[in-house]
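Counting convention: from 1, in listed order, for ligands and their atoms alike. All values below come from the heavy atoms of this structure, side chains included, with hydrogens, waters and symmetry mates left out.
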Amino acid sequence: MKAYSMIINGKNVGEDLSKIDVTNPSTGNVIATVPDGGAEEATQAVAAAYTAFEKWSDRTAYERSALLEKWYALINEHIDELAETMTVEQGKPLHEARGEMNYANGFISWYAEQAKRIYGEMVPASHSNKRIFVHKQPVGVVAVITPWNFPAAMITRKVGPALAAGCTVVIKPAEQTPITAIKLVKLAHEAGIPEGVINVVTGDAKAIGDAWLNDARVRKLTFTGSTEVGKLLMRGAAETVKKISLELGGHAPAIVMEDCDIDKAVEGVIAAKYRNAGQTCVCANRIYVHESIVDAFSVKFIERVKQLQVGDGKQEGVHIGPLIDEAAVKKVQSHVDDAQEKGANVAVGGSRKEGLFFEPTVLLNVTDDMICMQEETFGPVTPITTFATEEEVLKRANDSIYGLAAYVFTENLSKGIRMSEKLEYGIVGLNDGLPSTPQAPFGGFKQSGLGREGGHQGIDEYIEVKYISVGL
Ligand SMILES: NC(=O)C1=CN([C@@H]2O[C@H](COP(=O)(O)OP(=O)(O)OC[C@H]3O[C@@H](n4cnc5c(N)ncnc54)[C@H](O)[C@@H]3O)[C@@H](O)[C@H]2O)C=CC1
Ligand SMILES: O=C(O)[C@H](O)CS(=O)(=O)O
């Protein structure tokens with residue numbers, strides 16, 4: 001079993017510390033260990049990033065871009081190994097892990113380009129003897145805290161734009177999936193990204209996070225994970241008025257209109273629901289089907305769900321891997337049990353299998369009082385309810401503290417655009433169950449977060465705007 005190190009200032013650190021086991025959720029076997037770091041290592045990482053910042057930000061955008069491109073190329077060379085590592089430590093099927101690696105690498109190449117397009121501007125001065133130059137500068141040292149469900153993409157979606165802008169970073173990956181992060185940082189150094197620019201610390205989340213929150217040298221915190229932890233970090237960032245961006249929980253509605261292409265809608269909801277065994281923040285969590293087509297839709301949908309194979313993600317033909325841990329399985333089961341107690345029918349699935357596996361599940365005759373219609377399930381469960389009118393379903397779909405992603409299936413384009421505009425969500429998949437992509441600004445309304453990741457907007461999170469007023 002391999003013992004991995006943290007990487008601080010380009011060096012392997014932590015061999016002397018106690019170790020944290022990393023387990024394979026498909027088998028329960030310990031596959032590796034990482035150091036149980038804390039405040040001391042967190043502060044060492046900030047010192048390294050702070051020291052490296054001046055030289056890294058002084059490099060030209062073209063130099064930073066070239067190094068990001070080298071990192072991108074190295075990741076491509078190692079894509080199979082990285083995907084296998086991800087499947088073993090997170091559980092997602094190998095084809096999905098490869099998909100995530102390409103998605104994750106897409107952020108590095110997108111921001112290698114964006115590095116060269118951080119433009120300032122000149123503003124017409126109101127005095128003839130003045131000139132006003134607006135200048136964009138990197139914010140400084142960035143703290144990056146990421147979740148277990150996308151061990152690579154949630155890191156590169158932050159580190160890509162941060163490094164492109166000239167920032168330096170300290171990363172704390174999720175305790176469940178640290179190896180992918182460590183391997184990505186190793187490759188960054190192999191690509192020639194200088195020591196101290198990118199650091200990864202593993203261990204006590206609260207101790208590491210608190211050290212970064214209380215360190216004034218950290219000028220930005222970017223977090224992806226639960227709304228609960230996001231709020232806690234947002235409060236902590238206030239102490240030193242850090243810039244923050246938060247990608248938090250979701251509770252996506254998927255609306256199937258009476259004039260949809262049913263086959264297209266079935267495939268779209270399958271994609272939006274069962275990716276990563278339903279463990280994504282943009283997963284369709286509640287499915288609203290027009291009452292006139294609910295039987296036709298449900299029959300086809302259930303047939304498709306029955307085709308989903310559950311198993312170890314390393315096996316060929318597996319679509320649904322394990323959930324991340326016992327707490328996740330218990331939460332999903334509680335949502336199914338609650339729905340059944342309140343009158344839902346379990347059309348397929350409904351129970352956990354051996355280990356951390358859960359049957360792909362479809363619930364019919366679902367009503368809004370059921371927990372699965374109010375809280376994020378984060379598992380392979382599809383609750384299907386019905387609606388009668390567009391106005392009704394928009395009201396119900398918007399009735400949530402979350403506002404990350406929503407989906408609409410209709411063949412009537414003007415209706416689709418009209419509904420998309422009315423949905424209070426940062427991302428709308430209109431006849432598209434997989435909208436996430438590096439060139440679009442990913443982020444949520446309401447308690448799903450602050451800021452955007454991806455697209456040209458994504459780099460603004462790592463920029464400070466300054467103006468220089470020149471007296472002639
Ligand atoms: N909006 C988005 O893009 C995403 C949102 N999520 C949300 O996150 C949840 C599932 O992911 P989890 O990893 O369980 O979320 P989580 O919020 O428990 O953990 C996320 C990260 O925060 C760290 N963390 C936890 N407590 C901390 C503290 N006190 N100080 C510093 N760091 C701390 C964890 O170690 C991990 O690295 C779901 O609610 C899901 O919707 C997850 C992924 C993406
Ligand atoms: O962590 C997540 O759930 C991701 O943000 C979802 S996506 O970007 O892969 O769609």
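- Residue-level proximity to ligand 1 for S448 is absent, since no heavy atom of it falls below 4.0 angstrom.
- Less than 4.0 angstrom separates some heavy atom of V229 from each of these atoms of ligand 1: 17 (O), 24 (N), 25 (C), 26 (N), 27 (C), 33 (C).
- Residue G249 has no nitrogen or oxygen atom sitting less than 3.5 Å from a nitrogen or oxygen atom of ligand 1, judged on distance alone.
- Residues passing the side-chain contact (heavy atoms from CB on, under 4.5 Å) test with A339, sequence neighbours excluded: A344, L363, M370, C372.
- Ligand 1 has no nitrogen or oxygen under 3.5 angstrom from a nitrogen or oxygen of T227.
- Residue contacts with ligand 1 for F150 are absent, since no atom lies close enough (heavy atoms, distance under 4.0 Å).
- Considering backbone and side-chain N/O atoms, S226 comes within less than 3.5 Å of an N/O atom of ligand 1.
- With Q176, E175, E376, Q279 as candidates, the residue nearest to atom 38 (C) of ligand 1 on a non-hydrogen basis is E376.
- The distance from atom CG of L246 to atom CD1 of I145, rounded to the nearest 0.5 Å, is 10.0 Å.
- Contact shell of ligand 2 (protein heavy atoms, cutoff 4.0 Å): Y103, N149, F150, M154, R157, R275, T280, C281, V282, S436, F442.
- For ligand 1, the polar-atom distance check against L248 finds a nitrogen or oxygen pair separated by under 3.5 Å.
- Aromatic ring pairs are classed by plane angle as parallel below 30°, tilted from 30° to 60° and perpendicular above 60°; the pair F107 and Y103 is perpendicular.
- Separating the CG atom in L323 from the CD atom in Q279 is a distance of 4.5 Å, to the nearest 0.5 Å.
- Here side-chain hydrogen bond (donor to acceptor under 3.5 Å, both in side chains) pairs that include residues 426-444, with residues two or more places apart or in two chains, are T437-Q439.
- A donor atom on one side chain and an acceptor atom on the other are not found under 3.5 Å apart for T33 and K2.
- Contacts between D210 and ligand 1 below 4.0 angstrom, taking non-hydrogen atoms only, are absent altogether.
- Close N/O approach between T224 and ligand 1 is not found [any backbone or side-chain N/O within under 3.5 Å].
- The proximity of E375 to ligand 1, defined as any non-hydrogen pair under 4.0 Å, does not occur for either the backbone or the side chain.
- Within the 4.0 Å heavy-atom criterion, the part of L232 lying near ligand 1 is the side chain and not the backbone.
- No salt bridge links K342 with D369; every basic N to acidic carboxylate O contact stays at or beyond 4.0 Å.
- Considering both main-chain and side-chain atoms, K206 never comes within under 3.5 Å of ligand 1 through any nitrogen or oxygen pair.
- The pair K395-D399 does not meet the salt-bridge criterion, since no charged nitrogen lies less than 4.0 angstrom from a carboxylate oxygen.
- The shortest contact between atom 22 (O) of ligand 1 and any protein heavy atom is with F223 CE1, 3.2 Å.
- Of all heavy-atom pairs spanning A162 and V169, the tightest one is CB-CG1, 3.8 Å.
- The presence of a protein heavy atom under 4.0 Å from atom 19 (O) of ligand 1 is ruled out.
- Residue contacts with ligand 1 include P173, since one of its heavy atoms falls under 4.0 Å from the ligand.
- In this structure, CG on L187 lies 6.0 Å from CG on L82, to the nearest 0.5 angstrom.
- The distance from the CZ atom of R286 to the NZ atom of K273 is 11.5 Å, given to the nearest 0.5 Å.
- For a threshold of 3.5 Å applied to N or O pairs, the pair formed by N149 and ligand 1 contains no separation below that value.
- Take E464 and apply the salt bridge (Lys or Arg N to Asp or Glu O under 4.0 Å) test, not counting sequence neighbours, and it matches no residue.
- Counting heavy atoms under 4.0 Å from ligand 1, residue E228 does not touch it at all.
- Aromatic ring centres of Y50 and W56 lie farther apart than the 6.0 Å criterion allows.
- Ion pair E424/K446 flagged as a salt bridge, since at least one NZ, NE, NH1 or NH2 atom sits closer than 4.0 Å to an Asp/Glu carboxylate oxygen.
- By the 4.0 Å N-to-carboxylate-O rule, E461 lies close enough to K220 to be salt-bridged with it.
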